[in-house]
Amino acid sequence: MNDIINRLRDATQAVGETIDHVPGLTPGLASGLALGESGEPGGSRTRRSWLVPVAAAASVTVAVAGGVAVARGGDGGLGQAAATGVGPAAVPTFFADAGEDGITVRSVNGGAETSRVPEPSDKERFVSIQAAQDNRLFYAVSASDDCRPRLYRFVLDEAGKIGSFDALPFAPPEGTRPTSLAVSGDGSKLAYGTAPCGREPGTGSLVVADTTTGDSRTWTAKDGTGATNLSMTADGRLVLFTRDVASVAAVAEPALVVEPSATLTAEVPVKEEEATSSSSPAVSITVTVTPGIRSDEKDDPGPAVVNAVPTAAVTAIPAEPVVTSDPTATAPATILPSPIPTAAASLVPAEESLSWCRFAVESVPATPADAPSAGKTAEPSEPAELKATVQVCPDSPEVGLLDTGAPGDSLDKATTFSLLNESDGASGGVLGAKISPDGTRIVAALGGVDVALADGKLPPSSGPTGLAAFSTDDGRPLGVFHRQVGTSGLRLLDIDGTGENMLVTRDGEIGAVDGSGYRTLVDTGDALVNFGSRIAW
Amino acid sequence: MIRERVDVAALFADHHLGLVRLALLMVGDVGTAEDVVQEAFARTHAGRRRLRDPGRALAYVRSAVLNGCRSVLRRRSVAFRRAVPYEPPVWSAESVAMVGEDRREVLVALGGLPRRQREALVLRFYLDLSYEEIADTMGVAGSTARSTITRGLAALGRILGEES
């Protein structure tokens with residue numbers, strides 16, 4: 001055993017020693033946070049610009065997967081479901097979160113945790129969770145490192161305790177990764193999206209399965225696309241989903257429309273004071289914009305939109321320190337819907353199928369009188385305020401509505417609606433869209449969410465935001481039924497079994513919107529709340 | 001408030017390199033490791049007001065780094081599209097010249113262990129943390145940390161034994 005330990009120590013030390021210094025955080029950040037030159041191993045060379053860390057940015061952009069099992073009491077005779085023992089649609093008393101720590105069930109009243117289930121194993125984690133209409137029967141789907149996803153079912157008692165927690169005898173196909181889960185009102189049908197698991201590109205699909213028999217039907221998407229953000233009507237006939245279109249966005253404003261695979265080059269000057277003899281006076285960024293979806297020739301691929309901030313918040317980051325010796329270094333940085341950075345430059349290894357939209361980093365002195373000159377390090381006792389914001393990417397406004405009663409096995413046959421991002425005064429991107437219990441409406445959150453990393457707060461949106469309804473007949477707007485001004489935008493997570501209560505996140509909180517307005521359910525205390533942790537009721 | 005902010009900055013100034021090395025052992029390439037550490041910094045900075053116990057700050061940051069590494073590894077394992085080649089990890093065959101074949105075997109074996117075992121072993125034998133510190137970092141009980149390390153070593157021994 002000692003031999004193993006020695007080899008382990010030796011190998012890990014050797015790896016550690018492959019790095020002898022790291023770039024500093026950022027000039028602005030360093031001065032803003034009083035990171036002294038002395039304590040910083042990389043302080044002598046051109047410092048790495050402080051990019052909003054991609055993983056953080058990506059985590060806030062992760063669409064809340066999962067659909068909604070909804071049913072109106074008494075519609076179409078659903079009511080009590082004998083097969084699954086599910087009660088009638090009920091106003092939620094619990095909500096569940098399938099996150100990094102497994103599944104957590106909380107009370108709507110006060111947000112207290114009532115039950116918890118750890119992740120199934122080190123290599124398997126829950127990726128989506130949904131409730132049937134009675135708010136007692138829940139389903140969850142997992143993904144695993146070995147690409148063998150599983151489905152789980154559990155029932156809550158009146159105290160919110162999990163009575164039984166079981167894996168279903170059937171599972172999504174091996175070699176897939178579930179993207180999202182939706183449940184019919186009585187819990188007899190599940191819908192889930194799948195994406196290829198592993199490293200090979202492949203095709204996404206949408207599967208509807210009978211929870212009693214395990215029988216399933218699959219709709220296949222075009223190569224490289226998929227379905228996320230599923231929701232299902234109470235009768236299980238209609239499934240609403242967001243097409244897994246990987247939007248690509250970099251910094252620049254106003255919005256530029258570029259053709260797919262266009263290349264955008266920007267010059268980012270490096271301040272003289274920050275440049276050292278071995279660093280470049282100017283760094284050119286080349287941002288290659290590649291559409292995430294390769295559409296067929298006959299289809300209009302649509303433009304990729306690049307948003308940019310004039311203050312040029314992106315600074316090229318040579319991945320290798322030696323690059324800085326080139327006086328006219330060019331750092332090609334590819335922004336792609338992939339979590340893996342290029343070897344040439346790790347500018348934005350965006351999360352797959354999603355992307356951050358934009359960010360801006362600014363360092364301002366804590367008090368104007370103490371303003372440090374550019375490039376100088378502030379005194380430790382006078383830290384400047386770091387201002388950094390991440391704009392949360394809205395979802396694609398393109399939603400698909402699949403009639404599971406119609407023939408065919410192509411997901412492209414689903415009706416597509418492009419939800420207007422402005423309706424009745426509320427405007428902004430689409431932040432979650434779900435189908436109503438009775439299948440008559442699509443409910444979508446309209447607005448924008450910026451996360452300020454400086455203070456961890458969410459600045460208010462610039463205009464009115466809210467929850468809007470759209471017709472499932474033709475996608476036309478039906479009006480805004482919840483409007484808010486002067487707060488951060490909200491994201492729609494789920495609709496309850498009655499169709500009257502919306503589960504949302506706002507300002508780092510999980511909250512509820514009903515006829516009387518917004519109320520807080522639990523304060524997560526984290527502005528960077530991981531929307532990817534699926535939350536449902 | 002200002003004091004806390006400076007503490008976070010100083011923490012990273014002191015431990016930035018070490019944290020990147022830790023992340024490197026988990027994710028395999030320097031670029032990603034740096035990103036992970038920067039994310040941990042941003043999160044710690046954003047949440048610094050909740051850092052009530054300065055004595056636990058480093059453990060908190062290490063946890064943030066490990067969490068970031070997990071996220072990266074998960075995204076890799078579930079990648080939907082893979083359009084971009086990525087930097088070969090330090091334990092890949094391409095990197096053998098950097099660390100040597102014997103070490104590479106150990107690193108590959110380490111990478112094949114369950115996540116908690118891998119983390120615990122690195123914290124114990126790379127960072128030389130005590131069981132208590134490992135438990136604090138990983139958010140588990142001290143006894144769990146100890147048993148995880150024992151199991152991890154045993155598994156590592158089996159893998160390396162089989163290879164040799």
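Naming convention: chains lettered A, B, ... in sequence-line order (proteins, then strands); numbering from 1 in each chain.
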Testing B/Leu110, B/Val122, B/Leu107 for side-chain contact (heavy atoms from CB on, under 4.5 Å) with A/Val15, which one passes?
B/Leu107
Name all residues meeting the salt bridge (charged side-chain N to carboxylate O under 4.0 Å, His left out) criterion together with A/Asp146; count only those two or more places apart in sequence or in a different chain, and write none if there are none.
none
On a heavy-atom basis, the closest approach of A/Glu17 and B/Arg21 is CA-NH2, 4.2 Å
What is the distance from atom CG of A/Leu8 to atom CG of B/Leu156, rounded to the nearest 0.5 Å?
6.0 Å
Less than 4.5 Å apart, side chain to side chain, heavy atoms only: is that true for A/Asp10 and B/Val106?
no
Using every non-hydrogen atom in the two residues, find where A/Asp122 and B/Arg116 come nearest and quote the distance to one decimal.
OD1-NE, 3.0 Å
Under a 4.5 Å heavy-atom cut-off, does chain A meet the side chain of B/Leu153, its backbone, both or neither?
both
Can you name the nearest heavy-atom pair linking B/Phe125 to A/Thr12, along with the distance?
O-OG1, 4.2 Å
According to the salt bridge (charged side-chain N to carboxylate O under 4.0 Å, His left out) rule, which pairs have a member within residues 136-151 of chain B, sequence neighbours left out?
B/Arg56-B/Asp136
Atom of A/Ile4, atom of B/Gly157 and distance for their closest heavy-atom approach:
CD1-CA, 3.7 Å
Does any part of the side chain of A/Gln13, heavy atoms only, come nearer than 4.5 Å to the side chain of B/Tyr126, both counted from C-beta?
yes
